[in-house]
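Written below as C-alpha cells is the structure these notes are about.
Note that the numbering runs from 1 along the sequence shown for the chain. Just so we're clear, the structure is a prediction, and the values are computed from it rather than from any experiment. Side chains are part of it too, since the values below use all heavy atoms of this structure and drop only hydrogens, waters and symmetry mates.
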Amino acid sequence: MTAKNKYLWKLGFPLPELQQHSAVKHKIIESYVRDYIMTLMKRANIPKLQLTLVDGFSGGGCYLDEGGLPVDGSPLLMMRAVQEARALINLERTIPREISADYEFIDICPDTVDYLRYWLNGRTEEGILSSHDTQRARVQCGDFLKELPRLIDTIQRRKMGERAIFVLDQYNYYDLPLPYIKQILHTLKSAEVILTFNVGAMITFLSDRAANRKPIEHVGLDKYIPWEDLKRLKAQEQQTWRRTLQRYIAHGIQQETGAHYATLFFVKPHGLNKWDYWLVHLSKHYKAHEVMKDLHWQHATEFGHELEPGVFIQGYDANQDQDYTGQDTFDFSKTSRAACVDGLREHFGHQLAELQQPIQLAQLVHACASRSPGSTQHFLDAAKLLHHSNDVIITGADGRKRQHSKHYRLDDVIEFSPQIRLI
C-alpha cells in the first residue's frame, strides 16, 4: 500500500490512522506556531501581528489516534495555536493586541478537501475553533506547486513583514522539488518552511541506475550524491554509510533551498524501526531557528540524529573518514546535552585559534548553527567553559573585559587568550 493510499478521507468512510512520526510533527507544529507568535509579540507595545499559515498538503484535518479516537490534523492545530497565543498575549490587558492570521489549506484530492471543510465547520460549531479564524481560512482543491505563485502574491499584498509559515508534509520526498522552497524563502521576506523528509527511503533506494536517479534529480539533489562512490560506501557497515549519505543530503537541502538556517533531526522511531523521517525547519532568521531548536530540546524523547553531538560536517571528506565513525545516536538527553556543549567548546576553541582576532560571539554561533543540535543556551554554555578555563577573553558590549560569570550574551566579543592552555 502506498503512502497516498494510506491517507484517504471521504465522508462516511473510516478515518486514516495517524502514524507516529506524523503525531510528533503535529505536536511540534502546534507548539511552534504558538511559540513563534509569543516570541514576535514579546514586546508589550506591539499592537498587531499579520501572519499567513499555509498547509500545502493539508489532508482532511482529522485522524484516528492509537486509541481509535479522532484527533485534529495540522490545519486545525495551527488555528488552535493562534487562538491560544491570542489569549496569552492579551491576559490582563484592557486594550487587546491583534493577531491577524490568514490560513491557506490546499490538497489535491477533492474528497479530502470536502472532508477538511466538513471537519473545520464541525469544530467551529463545537466552539473548538474561533468563527473569526474559520472565516479567514481558504480551503482549496489544487496542486500546491501550481498554487504557489498565487500564495506568494497574496502574502506580499498583505505586507506587514510578509510573515508566513509553510507546513509541507508531502507524501514522498520527491513530491516537493527544493527550488520551490527556495522560491518561498527568497521571495518572501519573513517566510519559513516546516516539512518532513523521508531520508531513510531516499538512502535505501539510492543506486546509480536511471530509474533510481530520476526522483533524486526531480527533487534537486542529484549533484550532491556521490554516485561513483555508492557501491564503495554501501559496502561499509550500514550505519556508517547511512551517516555518510546523510551529510551529503543535509548539505544539498540547505544549499538548494538557500536557507540561512536549517534544522534536520530525526523523529524517534518506534521499536526497532530505523531513523527514517527528518523534521526539517528552514528559515532566514536566527530567532526562528532558535525557537525550533528549543522545541526539539523540550521534546527530547521524540528526536535524535546520527551525526556529531557538537558541530557536524556537511558533505564528505574521505581524509576525515575516521572522524565519522563511532558516534552514538544523539537523543537530546542530558548526556547528549553535555556532549553537545563540550563539542561546541572544542569547535569554538579551534575557530578562535585559527582566527587570532576578536569576533562577536553571535558570528561564531550563526556560522555553525545549522550544523549543530545546540540552541543558543548551549552555545553560551560552551563560551562559558572556555572563559572559565581562561582559554579566551570575553568583552561585553560596553567594551569592558568580563570577569567569569554565569551568564553570557551573543553580543559579547570573544577572542583567543594569549596565555593559552590546551583546548
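With hydrogens and angles left out, the side-chain atoms of Ser131 and Thr124 include no donor and acceptor closer than 3.5 Å. There is a side-chain donor-acceptor pair under 3.5 Å between Ser100 and Arg136. A side-chain donor-acceptor contact under 3.5 Å links His387 and Tyr408. Donor-acceptor pairing under 3.5 Å is lacking for the side chains of Gln140 and Asp107. Checking Glu125 against Asn121 by side-chain atom types alone, no donor-acceptor pair falls below 3.5 Å.
Because its NZ or CZ atom is not both nearer than 6.0 Å to the ring centre of Trp297 and within 45° of the ring axis, Arg337 does not count as a cation-pi partner of that residue.
Salt-bridge annotation for Lys27 and Glu302: present, with a side-chain N of the basic residue lying under 4.0 Å from a carboxylate O of the acidic one. Note on Glu104 versus Arg150: salt bridge recorded, some NZ/NE/NH1/NH2 to OD/OE distance being below 4.0 Å. Remark: Asp133 engages Arg86 in a salt bridge, criterion side-chain N to carboxylate O under 4.0 Å. Between Glu308 and Arg371 there is no salt bridge, since none of the side-chain N atoms of the basic residue sits less than 4.0 Å from a carboxylate O of the acidic one. Taking 4.0 Å as the cut-off between side-chain N and carboxylate O, Arg213 and Asp222 do not count as a salt-bridged pair. The pair Asp331-Lys268 does not count as a salt bridge, with every side-chain nitrogen at least 4.0 angstrom from each carboxylate oxygen. A salt bridge does not link Lys293 to Glu290: none of the charged nitrogens lies less than 4.0 Å from a carboxylate oxygen.
Residues Leu307 and Gln246 have side chains in contact (heavy-atom distance under 4.5 Å, counting atoms from C-beta outward). Proximity of Leu385 to Leu344: side-chain heavy atoms (C-beta onward) are nowhere separated by under 4.5 Å. Contact annotation: the side chain of Tyr115 approaches that of Cys62 to within less than 4.5 Å [non-hydrogen atoms, C-beta and beyond]. Within the 4.5 Å cutoff, the side chain of Leu148 has heavy atoms near those of the Ile184 side chain. For the pair Leu168 and Val193, the minimum side-chain heavy-atom distance is below 4.5 Å. Residues Thr395 and Pro358 are not in side-chain contact: their nearest non-hydrogen atoms beyond the backbone lie 4.5 Å or more apart. Between Phe144 and Phe166, the closest side-chain pair of non-hydrogen atoms falls below 4.5 Å. Under the 4.5 Å side-chain criterion, counting only non-hydrogen atoms from C-beta, Ile181 is in contact with Leu282.
The minimum heavy-atom distance linking Ile108 with Cys141 is given by the pair O-SG, 3.7 Å. In this structure, Leu64 and Gly68 approach most closely via the heavy-atom pair CD2-O, 3.4 Å. Of all heavy-atom pairs between Phe348 and Cys368, the closest is CE2-SG, 4.0 Å. The two residues Gln183 and Thr187 come nearest to each other via the heavy atoms O-OG1, 2.6 Å. Tyr261 approaches Ala369 most closely through the heavy-atom pair CD2-CB, 4.1 Å. The two residues Ala250 and Leu264 have their closest heavy-atom pair at CA-CD2, 4.2 Å.
Remark: side-chain polar atoms of Ser370 are paired, donor with acceptor, to backbone N or O of Ala262 under 3.5 angstrom. Between the Glu162 side chain and the Lys189 main chain, a donor and an acceptor come within less than 3.5 Å of each other. Between the side chain of Lys284 and the backbone N or O of Ala191, no donor-acceptor pair lies under 3.5 Å. Side chain of Thr52 to backbone of Ile155: no donor-acceptor contact under 3.5 angstrom is found. Side-chain atoms of Arg97 come within 3.5 Å of backbone atoms of Met41 as a donor-acceptor pair (strictly under, hydrogens ignored). Asn172 places no side-chain N or O within donor-acceptor distance of the main-chain N or O of Tyr174, the cut-off being under 3.5 Å. Side chain of His299 to backbone of His296: no donor-acceptor contact under 3.5 angstrom is found. Within the 3.5 Å criterion, the main-chain N or O of His132 finds a donor-acceptor partner in the side chain of Ser130. Remark: side-chain polar atoms of Asp65 are paired, donor with acceptor, to backbone N or O of Leu69 under 3.5 angstrom. When atom types are taken as modelled, the side chain of Glu192 and the backbone of Ala164 share no donor-acceptor pair closer than 3.5 angstrom.
Of the inter-residue distances, the one linking Arg34 atom CZ with Leu77 atom CG reads 11.5 Å to the nearest 0.5 angstrom. Taken from CD1 in Ile414 to CZ in Arg402, the straight-line distance is 11.0 Å, to the nearest 0.5 Å. Atom CG of residue Asp411 and atom CD of residue Gln360 lie 6.0 Å apart, to the nearest 0.5 angstrom. Remark: Ile249 CD1 to Leu221 CG distance equals 7.0 Å, nearest 0.5 Å.
Residue pairs meeting the side-chain hydrogen bond (donor to acceptor under 3.5 Å, both in side chains) criterion with at least one member in residues 53-63, sequence neighbours excluded: Asp55-Ser74.
In the displayed structure, Leu91 atom CG is contacted under 6.0 Å by more than 12 heavy atoms of other residues, nucleotides or ligands. The number of heavy atoms from other shown groups lying within 6.0 Å of CZ (Arg93) is above 12. By the neighbour-count criterion of 12 heavy atoms within 6.0 Å, atom OH of Tyr118 is sparsely surrounded, having that number or fewer from other residues, nucleotides or ligands. Other residues, nucleotides and ligands contribute only 12 or fewer heavy atoms inside 6.0 Å of the CD atom of Glu66.
Shown are Trp278, Phe332, Phe303; of these, the ring-ring contact (aromatic ring centres under 6.0 Å, His included) with Phe265 is made only by Phe332. Tested against His305 for a ring-ring contact (aromatic ring centres under 6.0 Å, His included), the candidates Phe312, Tyr277, Phe266 yield a single pass: Phe312.
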Gln50 vs Asp102, test: side-chain hydrogen bond (donor to acceptor under 3.5 Å, both in side chains). Steps then yes/no.
CA-CA 8 Å; Gln50 173 73 56; Asp102 293 287; 2.9 Å; yes

Walk me through whether Glu256 and Lys182 qualify under salt bridge (charged side-chain N to carboxylate O under 4.0 Å, His left out).
CA-CA 7 Å; Glu256 287 302 298; Lys182 184 174 185 177; over 6 Å; no

Could you walk me through whether Leu49 and Ile89 satisfy the side-chain contact (heavy atoms from CB on, under 4.5 Å) test, starting with their C-alpha distance in whole Å, then the side-chain angles of each, then the deciding distance to 0.1 Å, before giving a yes or no?
CA-CA 11 Å; Leu49 172 66; Ile89 65 170; over 6 Å; no

Intermediate values then yes/no, salt bridge (charged side-chain N to carboxylate O under 4.0 Å, His left out), Lys214 and Glu217
CA-CA 5 Å; Lys214 189 173 181 180; Glu217 293 171 356; over 6 Å; no

Begin with the C-alpha distance, continue with both residues' side-chain angles, and end with the deciding distance and a verdict on salt bridge (charged side-chain N to carboxylate O under 4.0 Å, His left out) for Lys406 and Asp381.
CA-CA 9 Å; Lys406 292 182 179 180; Asp381 286 347; over 6 Å; no

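In terms of the ring pair (Phe, Tyr, Trp, His ring centres under 6.0 Å) criterion, His347 has no residue partners (sequence neighbours excluded).
Checked against the 6.0 Å centroid criterion, the rings of Tyr32 and His281 qualify as a close aromatic pair.
Classification of the Phe197-Tyr173 ring pair by plane angle, with boundaries at 30° and 60°, yields tilted.
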